[in-house]
Number of protein chains: 2
Amino acid sequence: MNARQKTERTRLSAEDWEHGALELIAESGVNALAVEALARRLGVTKGSFYWHFRNREALLLAALERWEQHDEADVLAQIEPIDDPRERLREIFHRVAREVQSHRIYAALLKALDHPVVLPLMTRVSQRRIQFLTEAYLQAAMPPKQAGHRARLAYAAFVGFLQLNLALGMPRLSHEEFDAYVEHVAETLIPH
Amino acid sequence: MNARQKTERTRLSAEDWEHGALELIAESGVNALAVEALARRLGVTKGSFYWHFRNREALLLAALERWEQHDEADVLAQIEPIDDPRERLREIFHRVAREVQSHRIYAALLKALDHPVVLPLMTRVSQRRIQFLTEAYLQAAMPPKQAGHRARLAYAAFVGFLQLNLALGMPRLSHEEFDAYVEHVAETLIPH
DNA sequence: TCGTTACCATACGCATGCGCATTGACAGCG
DNA sequence: CGCTGTCAATGCGCATGCGTATGGTAACGA
């Protein structure tokens with residue numbers, strides 16, 4: 001009577017648990033990822049969980065590695081095809097501004113940098129992205145040292161932007177003002 | 001025999017608890033602020049705590065308000081006397097870069113923006129700081145709308161810089177490289 | 001000197017959350 | 001038809017952390 005009222009459930013796989021974990025993280029942060037809470041969400045109890053994973057930490061690690069390889073990877077893949085480096089940089093800024101939702105997991109991980117599982121992952125991801133930005137600036141004919149610094153600055157602005165937007169509702173800008181802001185950022189951070 | 005091995009302790013006041021709370025937050029974040037842990041740190045038990053405060057939340061609120069009124073306030077006070085707006089902006093950037101430690105509480109609060117006590121405080125603080133930056137840019141002869149956008153950008157860069165520095169050990173830059181980076185930021189974000 | 005106040009200790013109840021052990025359900029295959 | 005491996009439910013022990021109750025003690029004023 002009271003079973004399977006969700007979307008016609010069958011059995012669960014480790015992958016199902018990982019997806020559920022990522023959803024939970026995106027919604028409520030890393031701390032909210034609790035075994036029993038997630039089990040309730042999936043319509044089972046934690047007896048199931050400990051068949052698939054050694055412990056909570058193992059789930060977190062598996063979920064984050066999945067995120068790194070999928071979601072994270074195709075962010076860059078979508079932008080790489082653009083040839084003109086300046087145009088590519090502009091596209092990055094506009095994309096980041098528009099698709100704030102897709103960065104919710106990243107923002108949640110930023111708040112959990114003290115966690116031993118999260119730290120090395122975020123170190124990798126951040127270094128990769130800064131590296132990507134650096135190369136874009138280099139291709140835009142910026143001298144090497146300056147390119148590195150500018151990439152760091154742009155990335156810091158991105159991270160801060162996420163914080164101020166997702167957590168704080170900081171901007172409180174109208175649509176037009178927001179577009180003008182993004183345009184200003186592009187003007188300021190992309191060489192002419 | 002086992003009592004009072006710390007610095008000759010007498011009785012504690014509410015203020016002592018608030019200071020201890022801020023230290024804990026700076027070291028290990030808002031979540032680490034636990035009543036019993038802090039009591040151990042202060043060499044007493046929680047029996048003392050619940051005499052001074054109604055509950056954990058009340059301590060957090062009191063501690064953060066203390067921080068807002070003291071530490072936070074004189075950050076601006078130190079910079080305000082500088083007359084030339086461009087010079088003032090440069091001083092802000094260099095100060096922020098040099099005195100990273102003093103921003104540890106701010107960085108810890110950034111990670112706890114989902115907490116109902118932290119959110120309104122950080123909203124106030126951030127708006128005040130952005131406002132301050134906006135006025136500095138205005139005084140530097142920047143047109144109004146542009147000044148607002150630039151202030152937002154600079155502040156986002158500041159927030160991201162804190163995250164990447166304190167939590168991640170991102171930069172891993174030598175002293176000279178670091179100075180060059182800060183100089184680059186000033187060059188990029190301050191009008192000529 | 002005696003009582004009051006301010007501060008602290010001890011002990012408990014309660015909730016949450018992890019991890020483990022045991023048992024049960026069910027499918028596929030021989 | 002029954003065995004075996006896979007997945008899930010139940011229940012327990014343990015730890016942590018909040019909040020409360022109650023009792024103790026040192027300091028200070030009257």
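Each chain gets a letter, A, B and so on, in the order its sequence line appears, and its residues count up from 1. Treat the numbers as computed from the prediction; the structure is a model and nothing was measured.
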Any donor-acceptor N or O pair under 3.5 Å, side chains B:Gln131, B:Glu135: yes
Residue met sooner reading DNA chain C from 5', once B:Trp51 and A:Ala37 are mapped to nucleotides: B:Trp51
[atom1] of [X] versus [atom2] of [N]: gap in Å, rounded?
| X | N | atom1 | atom2 | result |
| --- | --- | --- | --- | --- |
| A:Arg56 | C:dC20 | CZ | P | 15 Å |
| B:Leu33 | D:dG17 | CG | P | 11 Å |
| A:Arg41 | D:dA8 | CZ | C1' | 20 Å |
| A:Glu36 | D:dA8 | CD | P | 16 Å |
| B:Arg40 | C:dA9 | CZ | C1' | 15 Å |
| A:Asn31 | D:dG17 | CG | P | 13 Å |
| B:Arg54 | D:dC18 | CZ | C1' | 13 Å |
| A:Asp16 | D:dC7 | CG | C1' | 12 Å |

Side chain of [X] only, heavy atoms from C-beta on: which candidate in [options] is closest?
| X | options | value |
| --- | --- | --- |
| B:Ser48 | C:dG19, D:dA8, C:dC8 | C:dC8 |
| A:Val44 | D:dA9, C:dG19, D:dC18 | D:dA9 |
| A:Ala34 | D:dG17, D:dA9, C:dC18 | C:dC18 |
| A:Thr45 | D:dT10, D:dC7, D:dG19 | D:dT10 |

C:dC20 phosphate, OP1 or OP2, under 4.0 Å from A:Tyr50 side-chain N/O: no
Under 4.0 angstrom between B:His52 side-chain N/O and C:dC8 OP1 or OP2: yes
Close side-chain approach of A:Val30 and A:Val117, heavy atoms under 4.5 Å: no
A:Leu166 backbone acceptor or donor facing A:Arg104 side chain under 3.5 Å: no
Side chain B:Arg152, main chain B:Ile130, donor-acceptor under 3.5 Å: no
base_contact_polar (C:dG19 base, A:Lys46 side chain, donor-acceptor, <3.5 Å): yes
Aromatic contact, A:Phe158 with A:Phe161 (centres under 6.0 Å): no
